[in-house]
Amino acid sequence: MSGHGAPISMTSHRSGGLAGTADIPGDKSISHRSLILGALSVGETVVTGLLEGQDVLDTARAMRAFGAEVARDDDGTWRIHGVGVGGFAEPDQVIDCGNSGTGVRLIMGAMATSPVTATFTGDASLNKRPMARVTDPLALFGAQAVGRSGGRLPMTIVGARDPLPVRYTVPVPSAQVKSAVLLAGLNAPGQTVVIEHEATRDHTERMLAGFGAQITTEDTAEGRIITLEGQPELSPQTIAVPRDPSSAAFPVCAALITEGSDVLVPNIGLNPTRAGLFTTLQEMGADLSYENLREEGGEPVADLRARFSPDLKGIEVPPERAASMIDEYPVLSVVAAFAQGATVMRGVKELRVKESDRIEAMAIGLRANGIEVEDGPDWWIVHGRGHGDVPGGATCASHLDHRIAMSFLVMGLATNQPVTVDDGGPIATSFPIFEPLMASLGADIRRDD
Ligand code: S3P
C-alpha cells in the first residue's frame with residue numbers, strides 16, 4: 001500500500017552473543033513470481049512458504065485486480081486460480097504497488113501485451129524510481145506508457161492489442177527489466193529474446209520452465225541469451241518457496257560482528273545468482289559455513305552457520321559479483337565497518353536507484369556513526385575500524401528503505417553506543433518478523449517511545 005503509518009523510531013543496543021536458530025521467511029523474488037505466474041496459468045497454483053510481507057501482499061492484490069482469484073488458507077497456503085496467458089481483465093482501480101519495484105515492474109511486463117489499460121502508483125520511494133528502463137522495451141512490443149516526467153509513477157500502460165515479439169539487450173544489470181520483457185513475451189507470438197551482459201537472478205527463467213514454457217538460456221560471448229516461445233499455455237504448479245538469502249543476510253551479519261555469537265539459519269536458497277554476499281564474507285574471513293547442502297525445488301539450499309568473527313579484513317569486492325549480491329551491499333558495508341582496512345565496492349551504480357540511493361543513505365549513516373566512507377557515482381569504500389572500535393551513537397534516516405533500516409539496526413548490536421533508525425516501519429515490506437526473530441536470538445532492538 002502507498003505510504004505507511006507514523007514513523008517507528010527504533011534503537012539497537014550492544015548485545016551479548018546471539019544464539020539459536022533463525023527461521024527466515026520466504027524469498028521475496030520467488031514469492032512475487034509465484035503469484036504472477038500463478039495468475040497467468042490456467043487452473044490452481046498452490047504456494048507454501050510465500051513471503052507475507054507488504055510488497056508481496058500488494059502483488060497479490062494486484063493479481064486479483066487483473067482477474068485472478070488469490071486466496072490464503074488458514075495454515076498459510078496460498079491458492080491462485082489463474083486466468084491464463086493473455087487472460088488479464090482490465091482493473092477498475094489504480095494498481096498500488098506500495099514500496100515494490102519488483103512488483104510494479106513485473107506486473108507492467110505481465111500486462112503489457114494484453115489489450116487492457118492499467119494505472120500504477122506506489123509510495124513516495126517507488127514514485128521516485130525510474131520506470132523507463134521497463135517501459136522502453138515494453139514499447140517495442142507495442143505497449144504505450146504515459147507517466148510523470150522522468151518516466152516516474154503514477155503511470156498508465158495501454159497494453160498492446162497485437163503484440164510483436166522482441167529481441168532486447170538489457171542495458172543495465174536488472175532482473176526486473178529482464179523479467180518484465182520475458183513476461184511480456186509470454187503473450188507475443190513467436191520468439192522473444194533477451195540478452196543480458198551480466199547474469200542477474202534467474203528465478204523467472206527457472207519458474208517459467210517449471211510452469212511449462214519453452215525457454216532456453218545460452219551463455220555466449222555476447223552475454224546470456226534467453227529465448228522464450230510466445231503464447232504457451234502455462235500449467236499450474238505446486239511451489240514451496242525457499243527462504244530468502246537477502247533476509248538471511250541480516251542475522252548472519254549480526255552474528256559475525258556480535259561477540260560470542262553462534263547462529264544457525266536453516267533452509268536458505270543459495271541460487272548462485274543470489275549468493276555473492278556469503279562468498280564475499282568468507283573472503284573477509286567470516287566464520288560462515290554451509291551445512292546440509294542439498295537441492296529443493298530446483299534451487300540449491302543449505303543451512304548457514306555464522307559465528308562471531310573478530311578478525312574480519314576489508315577486501316576489494318569483484319565488480320562482476322555485484323549482481324549476485326546487489327541487495328546485500330548495505331549490510332555488507334556494516335560488516336566492513338567492523339573489519340580491519342578498506343572494503344572497496346565498485347560497479348554498483350544500480351545501488352543509487354533502489355528503494356533509496358543506498359550508497360548515499362549508508363555513507364551518511366556510517367559517517368555519523370564514526371566510520372570513514374568515500375564514494376563516487378558507481379563505487380564506495382568503507383574504512384573499517386575493526387571489532388570493538390566502532391563508535392555508533394547516531395540516528396540514521398531509513399529513507400523508506402527496509403534494507404537501510406535493518407542494516408543500521410544490525411550495526412548497533414556491536415557499536416560502542418546505540419544506533420537509532422528514524423523509521424523501522426518499512427522493514428515490514430520484506431521481513432515482517434525481523435523484530436521478534438532478532439529478539440529470539442538475543443538482539444537488543446527496541447522501539448522508541
Ligand atoms: C529483484 C531484482 C533486483 C533486486 C530486487 C529484486 C527481482 O532489482 O534489487 O530487490 O526480484 O527481480 P533490479 O532488477 O533492479 O536489479
Side-chain angles (χ1 to χ4, degrees), residues 25-37 50-51 53-56 58-59 97-110 122 125-126 128-137 151 153 168 170-184 194 196-208 224 226 241-242 244-250 269 271 273-277 299 319-332 347-359 361 378 400-404 406-407 426-427 429-431:
D27 188 274
K28 182 155 72 72
S29 294
I30 296 177
S31 295
H32 282 295
R33 288 160 173 81
S34 299
L35 292 167
I36 295 169
L37 290 176
L50 188 90
L51 169 65
Q54 192 58 48
D55 279 9
V56 176
D58 287 336
T59 289
C97 289
N99 191 250
S100 181
T102 307
V104 76
R105 291 178 175 141
L106 268 56
I107 296 167
M108 282 179 172
S125 156
L126 187 57
K128 281 189 211 149
R129 297 180 67 185
M131 294 299 144
R133 54 176 54 202
V134 171
T135 54
D136 286 351
L153 301 179
Y168 189 69
V170 184
V172 287
S174 167
Q176 293 175 0
V177 175
K178 169 179 66 176
S179 301
V181 177
L182 289 171
L183 292 171
V194 185
E196 56 177 4
H197 294 306
E198 292 167 59
T200 62
R201 66 191 68 194
D202 61 0
H203 306 301
T204 303
E205 298 91 303
R206 288 177 188 243
M207 292 178 75
L208 276 171
R224 181 166 280 194
I226 305 149
V241 179
D244 198 325
S246 299
S247 297
F250 295 101
N271 179 316
T273 61
R274 296 287 299 281
L277 172 73
E299 297 268 354
E320 61 276 13
R321 195 181 288 159
S324 70
M325 52 180 288
I326 195 67
D327 289 337
E328 284 66 74
Y329 282 95
V331 76
L332 172 67
V348 290
K349 194 162 70 187
E350 281 296 297
L351 291 179
R352 296 210 178 268
V353 290
K354 296 293 179 187
E355 285 83 331
S356 66
D357 176 338
R358 285 182 169 161
I359 296 178
D378 68 345
L400 286 178
D401 188 330
H402 51 134
R403 298 198 207 283
I404 300 299
M406 288 187 279
S407 296
I427 293 171
T429 61
S430 71
F431 201 162

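In each ligand, atom 1 is the first atom listed, and ligand 1 is the first ligand listed.
Of the charged side-chain nitrogens involved, at least one lies within less than 4.0 Å of a carboxylate oxygen, so that D401 and R358 count as a salt-bridged pair. Ionic pairing of E328 and R403 is not present here: no N-O contact between side-chain nitrogen and carboxylate oxygen is shorter than 4.0 angstrom. Using a 4.0 Å cut-off between a side-chain N of Lys or Arg and a carboxylate O of Asp or Glu, D244 and R274 qualify as a salt bridge.
Here the options are T59, L50, D55, T102, the test is side-chain contact (heavy atoms from CB on, under 4.5 Å), and the partner is S31; only L50 passes.
Contact annotation for R201 and ligand 1: only side-chain heavy atoms (C-beta onward) come within less than 4.0 Å of the ligand.
K28 places none of its side-chain heavy atoms less than 4.5 Å from the side chain of T429.
Closest heavy-atom approach to atom 13 (P) of ligand 1 among the candidates R358, K354, H402: K354. Between the choices T102, L351, V177, the shortest heavy-atom distance to atom 1 (C) of ligand 1 belongs to T102.
Residue R33 places a heavy atom less than 4.0 Å from ligand 1. Ligand 1 is never approached by K178 to a heavy-atom distance shorter than 4.0 Å.
Inclusion of S179 in the set of residues having an N or O under 3.5 Å from an N or O of ligand 1 is not warranted. Where the criterion is an N or O separation shorter than 3.5 Å, residue side chain and backbone included, I326 fails it with respect to ligand 1.
Here CG of L351 is found 8.5 Å from CG of D327. Values are rounded to the nearest 0.5 Å. Here E198 contributes atom CD and E196 contributes atom CD; the two are 8.5 Å apart, rounded to the nearest 0.5 Å.
With respect to atom 11 (O) of ligand 1, the closest heavy atom belonging to the protein is S29 OG, 2.7 Å.
If you number the atoms of ligand 1 from 1 as listed, the ones under 4.0 Å from a heavy atom of D327 come out as 4 (C), 5 (C), 9 (O), 10 (O).
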